[in-house]
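Have a look at this one.
Numbering of residues begins at 1 and proceeds along the displayed sequence.
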Amino acid sequence: AAAAASSKAQSEMPAAPAPVPTPAETTSSSKANVIMSMALSILKSSTSSDDSKRSAAATIQSLCEGDTEEASANREFGSESAVGLLVALFADSSVLETRITAAMTLWRFCWGSRGTDIPTRLVTHKAIARATSCLRDPDSPPSLLVAAIRVLNGIAANDFDHHPALMPGALSAVLDILNREKLDDQLRSVATGYVGIMAYNETSRPQVVELGALKPLQHILEDPVAKNAAPIACIALANLIGRTEESELIHLITDRALLQQLVDILAASLEGRIIGVISFRVFEIAMALHNVSVNDQNKELLVELGVVPLLTRGLFLKNAPVIDIIMAQEYCANALWCLCFNRAGRQAVRSDKKIQTALQRVAKAGYSKDAQKIAAGALFVLSASGSTFKRMRTLLLKRRSSIDSDLALSQISESLTSEAAESKQAEAGGEGNGHHATRHAPAPVTVPTGKHIMISYSWHNQPLVLKLVEALQKRNYPVWVDVQMMSGAGAASTLQFMGEAVEQAKAVLVFASSAYRESANTRTEGEYAFAQKKPIIPIIVEKNYRPTSWLGALIGSKLWIDFSETQQLSAAIAALVRELTALGIHPTDRSRRTSIDVVSEATHPPGGDASTAAAAAAVAAAAAAAPPADPLSMTSEELCSYIRSRDQNADLVAKLLAAHQLDGRLAHELFVLPEPARMDMLRQDFGVSAARDRLRVLTVLRDVFE
């Protein structure tokens, strides 16, 4: 590329740097650095011509191409000094070819740069703003638009932390391009790729949908001219709304043609074939398939389309980067786990011993702890479904009139016949393939002891869960909750902990939310609790959320308790206590502790997640500080003593309660009075004239009863 520089361009170079040699003249890293340094000098010089700068940028670009260690080192070395110069060249040059070359070199810097500072360097030098401005310019030709979007792609693909900076401005500009009536094929593919990259990031998806990405993606799938961009759009849609159950969107993601295309892309990816204009990595398409497999309406159709053996092949990839192999195993195993909640999915796995063996291999020695636990979860569902899940489906049929769910009851009825046959076959000695419908007992581990209230929740809701645990502990209820995702346990131990926690529970609190419905892990817990005939108390944690699909069926016509309004937390806890009492679950006077992440401390190496450890410590402290009995059952003397033991500055409040002989129940009645009646009573009936003192009384009572 440098050899293309004209003699005139070379004559305009500053005297210090010699003409830029071509990369072909040398392959050593030291000489590559010399070439890079000379090219940088040309870019920095105010006397260099536009042609010279373009040649220098092209030289840097060629040195950074490829996946070799040398190319990676060149990207790191060159980006330290060149990013700002190239961004300026891209924005300010009056020559189209120069602007394109500068943008493509910036994109090349980002190649394989995940975990480095290179994307941040581009953001720091305002590459996003420059590219967005280019996209907004109506005079920008398609070739320049392609180069600008590739700059955005490089940042988005290699550092998800910068996604907030890429929305709404850059994403809106790209979507405006996709909504044009006539579009260059390459530009359409690159723009669709940008939307697809943003869709990989789970935290970005709601805003991507809100900005209007679904309409152009759907149009691409329907447009025969857009066949090169169609596979990218297909995966993007699967990631954006694959888990949705919203009525206005469900038809997009349950379409047979779309699911067939996803399966075809996975098959091509496993064979190394190109679909459209790019070759997808297995983990990318496995992620999309996992998302659509969460939706119960897709499970049977995906099995029919032959996805199970393809996902099994993806569990053990070869000849791929290590990170790709690990991620492919996790996503493929997760998709299989989701499919195992469906009768057809379980039959597909059970009918092929190779698939079961593959899952067992992953559960025992997967490439990551997450993969091991995911595979163990799938095996747990397989082993439990033949007998225990049958009861759930039977009861769901009885609730036909009360379930607000998209579950097809006719399919449930059909599955009962099959499940009964499976159960009989298992009782007769298995299914002929070595798999038995009973859970194999893993090695002995620490298990929760005694009867308790189990909390089943999605990780997103942990802060609220910890508040509830503290409140229940103050009321002397024994609670089992996992606050560290059992991170120190093996896959088999994790499932045993969960299973025995359910089996030992007096009741299970289900923190119902969209995240809970979408998780195979929480679904395993919820359905196993139902199958074990445990009382289930639904806790709604998303405002206006109403459970659908399997979660709607699980909850049925039960009355839920609304914890979505944090300012109403006290009232929600009181409602929960009343529900526990109605179920015959009462506080215990025995010394107790919360079973938090029942793995023994020896299994947790030092130096774990500080925030998680702090959360566990907070709950443990709450348990230690809990009263020997429920404050509601305390006498006036006991309540005053308890208040003084918790707060040395609360002596005034204790004296006030003692003077008026308020026991726990009367003090609680005072506390729950609405305003302004509560303040009026403190002032008029209890003689607390100072507003500061009235607030102090309420603060102490809140500490006791909340």
Side-chain angles (χ1 to χ4, degrees), residues 1-24 35-65 74-75 78-79 81-111 118 121-155 170 173-174 177 180 183-187 189-191 194:
S6 65
S7 58
K8 177 185 175 183
Q10 291 191 15
S11 67
E12 293 176 352
M13 294 181 190
V20 182
T22 64
I35 297 172
M36 185 80 73
S37 298
M38 295 169 68
L40 290 171
S41 297
I42 295 172
L43 291 175
K44 291 177 182 177
S45 174
S46 60
T47 61
S48 297
S49 69
D50 201 288
D51 285 345
S52 298
K53 290 184 177 181
R54 182 171 69 252
S55 296
T59 298
I60 295 173
Q61 181 182 337
S62 65
L63 288 169
C64 296
E65 289 180 353
N74 290 339
R75 289 192 287 269
S79 66
S81 303
V83 167
L85 299 169
L86 290 167
V87 170
L89 190 63
F90 164 61
D92 301 333
S93 175
S94 60
V95 180
L96 176 62
E97 290 77 9
T98 301
R99 296 184 69 186
I100 292 173
T101 302
M104 295 299 288
T105 306
L106 289 170
W107 173 59
R108 185 60 65 185
F109 275 147
C110 292
W111 192 273
I118 294 176
R121 290 171 191 157
L122 268 71
V123 174
T124 302
H125 288 283
K126 300 183 179 180
I128 295 176
R130 300 295 193 183
T132 303
S133 177
C134 174
L135 298 178
R136 293 293 189 193
D137 185 352
D139 296 327
S140 295
S143 57
L144 184 59
L145 295 175
V146 167
I149 295 174
R150 279 186 167 152
V151 173
L152 299 175
N153 283 352
I155 298 170
V174 172
I177 291 173
R180 293 179 182 177
L183 206 58
D184 174 84
D185 187 60
Q186 184 184 25
L187 178 56
S189 297
V190 174
Y194 175 71

Any sub-3.5 Å donor-acceptor pair from Thr101's side-chain atoms to Glu97's backbone N or O? yes
Separation between CG of Leu144 and CG of Leu135, rounded to the nearest 0.5 Å: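 Between Leu144 CG and Leu135 CG, I get 8.5 Å after rounding to 0.5 Å.
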Asp51 side chain reached by Val95 side chain, heavy atoms, under 4.5 Å: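 Answer no - side chains too far apart.
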dist Leu145:CG -> Gln186:CD (nearest 0.5 Å) comes out at 11.0 Å
Taking all heavy atoms of Ala170 and all of Leu152, pick out the closest pair and write down the distance.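 In terms of heavy atoms, the two residues are closest at CB-CD1, 3.9 Å.
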Could you tell me whether the side chains of Ser93 and Asp50 share a donor-acceptor contact shorter than 3.5 Å?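 Indeed, the side chains of Ser93 and Asp50 share at least one donor-acceptor pair under 3.5 Å.
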Approximate separation, where rounding is to 0.5 Å, of Arg75 CZ and Glu65 CD: 9.5 Å
Nearest heavy-atom pair of Ala103 and Val151: which atoms, and what distance?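 In terms of heavy atoms, the two residues are closest at O-CG2, 3.4 Å.
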Quick one: does Leu89's side chain get under 4.5 Å of Leu85's, heavy atoms only?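 Of all side-chain heavy-atom pairs linking Leu85 with Leu89, none is under 4.5 Å.
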Are the side chain of Ser41 and the backbone N or O of Ser37 linked by a donor-acceptor pair below 3.5 Å?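 Looks like yes, one N/O pair under 3.5 Å.
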CG of Leu96 to CZ of Arg54, rounded to nearest 0.5 Å, is 9.5 Å
Exam field: side chain Arg150 to backbone Val190, donor-acceptor pair closer than 3.5 Å: no
Taking the side chain from Ser79 and the backbone from Phe109, do they hold a donor-acceptor pair closer than 3.5 Å?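 The answer is no, because no donor-acceptor pair under 3.5 Å joins these two groups.
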Can you see which heavy atom on Ala57 is nearest to which on Leu43, and at what distance?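 Looks like N-CD2, 4.4 Å.
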Do you know which two heavy atoms are closest between Phe90 and Arg99, and how far apart they sit?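 In this case the closest contact between Phe90 and Arg99 is O-NE, 2.7 Å.
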What heavy-atom pair brings Asp184 and Pro142 nearest, and what distance separates the two atoms? CB-CB, 4.1 Å
Can you tell me how far apart CD1 (Ile155) and CD1 (Ile128) are? Round to the nearest 0.5 Å. 4.5 Å
Can you tell me how far apart OG1 (Thr98) and CG (Asp92) are? Round to the nearest 0.5 Å. 12.0 Å
List the atom of Met36, the atom of Cys64, and the distance in Å for their closest heavy-atom pair.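 So the minimum-distance heavy-atom pair works out to CE-SG, 4.3 Å.
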Applying the side-chain contact (heavy atoms from CB on, under 4.5 Å) criterion to Ile60, which one of Leu40, Ile35, Asn74, Ile42 satisfies it? Leu40
